[in-house]
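Every value quoted in this text rests on a predicted model; they were computed, and no experiment measured them. Just so you know, ligand 1 is whichever comes first in the structure, and atom 1 is the first atom listed for that ligand.
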Amino acid sequence: MNILVTGGAGYIGSHTCVELLQAGHKVIIADNFSNSKSQVLQAIEAITGKKPVFYQIDVADYKALKQLFCENDIDGAIHFAGYKAVGESVQKPLSYYQNNFCTALTLAQVMQEEGVFRLVFSSSATVYGIDNPIPYKEEYPTGAVNPYGRTKVMIEQMLTDLAASDRRWSIALLRYFNPIGAHPSGLLGEDPNGIPNNLLPYIAKVAAGQLPHLNVFGDDYDTRDGTGVRDYLHVVDLAEGHLAAMDYMMEHNGVEAVNLGTGQGSSVIEVLHAFEQACGKQLPYQIAPRRPGDIGEYYAHPGKAERLFGWKAKRSLQQMCADSWRYTCRQNNL
Ligand code: NAD
Ligand code: UD1
């Protein structure tokens with residue numbers, strides 16, 4: 001199939017492009033490099049031996065997207081393009097509503113006009129808000145607590161309305177838990193600019209000697225060691241989940257919200273220890289105050305993905321840390 005991957009130069013998108021190319025699909029990437037670099041395209045080619053078609057465009061640019069569809073016989077789209085930093089979304093809500101919502105709206109509009117009805121959307125566990133019991137199940141009510149999360153809830157609602165309006169649509173709303181790790185080749189991974197907000201990139205920078213210690217945000221949660229618990233999944237497992245979703249959508253119409261997680265929670269201290277094993281050294285940490293807005297513990301109920309898509313995350317926390325460390329070493333010539 002010919003698959004459009006918006007945001008395909010980004011962290012999750014690039015790993016998904018690799019899996020799509022390796023499975024024999026043709027990949028057309030649309031990305032404006034607002035949070036990625038052109039070298040990623042070479043890395044995808046180096047891993048797969050295949051060159052994706054690339055358009056450097058803003059996905060919210062109707063004319064540019066329309067031209068892409070006219071020049072390629074697209075069978076389906078995976079929509080990763082968007083902004084994802086929660087803190088920044090509180091500072092710049094309009095930029096988040098504009099970029100996240102308008103890219104999704106424009107893509108859906110052009111797809112409808114061009115008669116392409118298969119769409120996978122990158123949603124997030126953040127749509128479960130703060131009031132649902134764990135493990136999170138897809139049928140729980142949604143309700144986000146920050147502008148980033150609200151863009152995801154709004155887009156899920158828009159796409160649900162769209163699927164209800166025309167039976168030809170097949171839409172998967174994939175709710176990712178905490179993707180970490182890197183491609184085992186060490187050529188692709190996550191390397192945010194500046195001081196990372198998220199746990200794994202932060203630990204990787206401590207291990208690389210670029211930050212002095214990890215701040216553990218709270219050790220008094222009601223969890224097994226008092227630190228926050230999350231459902232970390234390997235980015236390659238996540239990428240494979242998109243292929244499984246696409247296969248399912250070939251044969252089913254309608255809209256489905258589906259969790260992509262392992263169903264297992266790991267604490268901050270457990271992740272730190274797993275990374276220490278991967279890099280072979282002790283990593284310094286300090287207990288810091290809780291991060292505002294954080295929840296103590298959440299993880300996925302992963303059954304629906306297995307039932308519908310036949311997909312299950314396979315890779316261990318140890319493997320996630322080992323792959324992440326390999327990528328960090330390569331990036332920093334360690
Ligand atoms: P990323 O920032 O690495 O990738 C997003 C890509 O989209 C980047 O390459 C960026 O340049 C591109 N982009 C952004 N706006 C664009 C626009 N208007 N036009 C064209 N390209 C644009 O992020 P990621 O971690 O790969 O996340 C991908 C998607 O998954 C996002 O929608 C994110 O909200 C969602 N998600 C991510 C996580 C996570 O932990 N990484 C968790 C849940 C959901
Ligand atoms: C983040 C996003 C969330 C997104 C999710 C999945 C925020 C506030 N939320 O949540 O919207 O859906 O990723 O990718 O960014 N921690 C530390 N020290 C650090 C960094 C993190 O102790 O320096 C702790 C956190 O308190 C948390 C855990 O590590 O307990 C994971 O944090 P993080 O990687 O930011 O992910 P989430 O909080 O799950």
Side-chain angles (χ1 to χ4, degrees), residues 5-16 29-38 40-41 55-61 64-65 78-90 95-96 98-100 102-104 106-107 121-128 144-146 148-149 151-152 155 174-180 188-192 195-203 205-206 211 213-219 221 223 227-233 235 238-239 242 260-261 265-269 271-272 285-299:
V5 183
T6 76
Y11 172 50
I12 307 170
S14 58
H15 288 83
T16 304
I29 297 177
D31 201 302
N32 62 1
F33 293 136
S34 57
N35 196 36
S36 52
K37 299 189 179 90
S38 61
V40 168
L41 302 176
Y55 286 74
Q56 187 171 348
I57 59 169
D58 185 330
V59 175
D61 178 343
L65 195 62
I78 307 182
H79 181 46
F80 293 105
Y83 295 153
K84 62 168 182 176
V86 174
E88 188 184 56
S89 80
V90 176
S95 151
Y96 272 67
Q98 200 284 328
N99 197 46
N100 291 7
C102 294
T103 50
T106 308
L107 176 63
F121 171 60
S122 294
S123 190
S124 165
T126 194
V127 302
Y128 291 109
V145 292
N146 54 60
Y148 164 72
T151 67
K152 295 293 180 191
I155 296 165
L174 301 185
R175 296 175 176 167
Y176 313 154
F177 280 69
N178 289 56
I180 61 169
L188 285 176
E190 187 178 25
D191 186 19
I195 297 180
N197 295 311
N198 298 113
L199 181 63
L200 248 289
Y202 201 107
I203 293 179
K205 283 204 190 291
V206 173
L211 289 169
H213 60 265
L214 172 69
N215 293 302
V216 175
F217 297 146
D219 67 347
Y221 285 107
T223 59
T227 67
V229 168
R230 297 289 184 272
D231 184 339
Y232 298 95
L233 81 157
V235 66
L238 182 60
H242 290 74
L260 295 184
S266 303
S267 74
V268 175
I269 294 296
V271 174
L272 184 71
Y285 70 90
Q286 289 180 0
I287 303 300
R290 289 182 177 196
R291 183 171 63 179
D294 262 358
I295 303 177
E297 177 168 14
Y298 67 80
Y299 47 88

Does a sphere of radius 6.0 Å around OH in Y285 hold more than 12 heavy atoms from other residues, nucleotides or ligands, not counting ones at 6.0 Å or beyond?
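At most 12 heavy atoms, drawn from other residues, nucleotides or ligands, come within 6.0 Å of this atom.
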
Which atoms of ligand 1 sit under 4.0 Å from any heavy atom of [X]?
X	result
S34	10 (C), 11 (O), 13 (N), 14 (C), 15 (N)
F33	11 (O)
S36	8 (C), 9 (O), 11 (O)

Flag the pair [X] / [Y] as yes when at least one side-chain heavy-atom distance between them is below 4.5 Å, and no otherwise.
X	Y	answer
N198	P192	no
L65	I57	yes
Q56	F33	yes

Backbone, side chain, both or neither: what part of L199 comes under 4.0 angstrom of ligand 2, heavy atoms only?
both

Is it the side chain (CB and beyond), the backbone, both or neither of Y128 that lies under 4.0 Å from ligand 2, heavy atoms counted?
neither

Any nitrogen or oxygen of A125 lying under 3.5 Å from a nitrogen or oxygen in ligand 2? Just yes or no.
no

Taking distance alone, with N or O pairs closer than 3.5 Å, would you say N178 contacts ligand 2?
yes

Heavy atom of the protein closest to [atom] (residue, atom name, distance):
atom	answer
atom 16 (N) of ligand 2	F217 CD1, 3.6 Å
atom 3 (C) of ligand 2	V86 CG2, 4.1 Å
atom 32 (O) of ligand 2	R291 NH2, 3.4 Å
atom 30 (O) of ligand 2	G228 CA, 3.5 Å
atom 31 (C) of ligand 1	F80 O, 3.2 Å
atom 27 (C) of ligand 2	R230 NH2, 3.8 Å
atom 25 (C) of ligand 2	D294 OD2, 3.5 Å

Side chain [X], main chain [Y], donor-acceptor under 3.5 Å:
X	Y	value
N178	R230	no
S14	Y11	yes
Y96	A85	yes
S266	V271	no
N100	Y83	yes

Can [X] be said to touch ligand 2, with heavy atoms closer than 4.0 Å?
X	result
Y221	no
Y176	no
G293	no
Y232	yes

Going by the order shown, which atoms of ligand 2 are within less than 4.0 Å of some heavy atom of [X]?
X	value
V216	22 (O)
S124	12 (O)
T126	11 (O), 12 (O)
N197	20 (C), 35 (O)
F177	6 (C), 14 (O)

Which option, [options], owns the non-hydrogen atom nearest [atom]?
atom	options	answer
atom 11 (O) of ligand 1	D31, L238, V5, D61	D31
atom 18 (N) of ligand 2	N215, L211, V90	N215
atom 17 (C) of ligand 1	L233, T16, L260, N32	N32
atom 38 (C) of ligand 1	V40, I12, V59	I12
atom 35 (C) of ligand 1	S122, P179, G7	S122

If you measure every N or O of [X] against every N or O of ligand 1, does any of those distances drop under 3.5 Å?
X	answer
A81	no
A30	no
S124	no
N99	yes
Y176	no
Y11	yes

Where do [X] and [Y] come nearest, in terms of heavy atoms and distance?
X	Y	value
A125	Y298	CB-CE1, 4.0 Å
A9	D31	N-OD2, 3.1 Å
T227	S267	OG1-CB, 3.3 Å
S124	Y148	CB-OH, 4.0 Å

Hey, mind stepping through I12 and S122 against side chain to side chain contact (heavy atoms under 4.5 Å, CB included) and telling me if it holds?
CA-CA 9 Å; I12 307 170; S122 294; over 6 Å; no

Any chance you could measure L272, atom CG, to L200, atom CG, to the nearest 0.5 Å?
10.0 Å

With the threshold set at under 4.0 angstrom, would you say [X] reaches ligand 1 through any of its heavy atoms?
X	value
K152	yes
A9	yes
I57	yes
S123	yes

Tell me whether the centres of the aromatic rings in H242 and Y176 are closer together than 6.0 Å.
yes

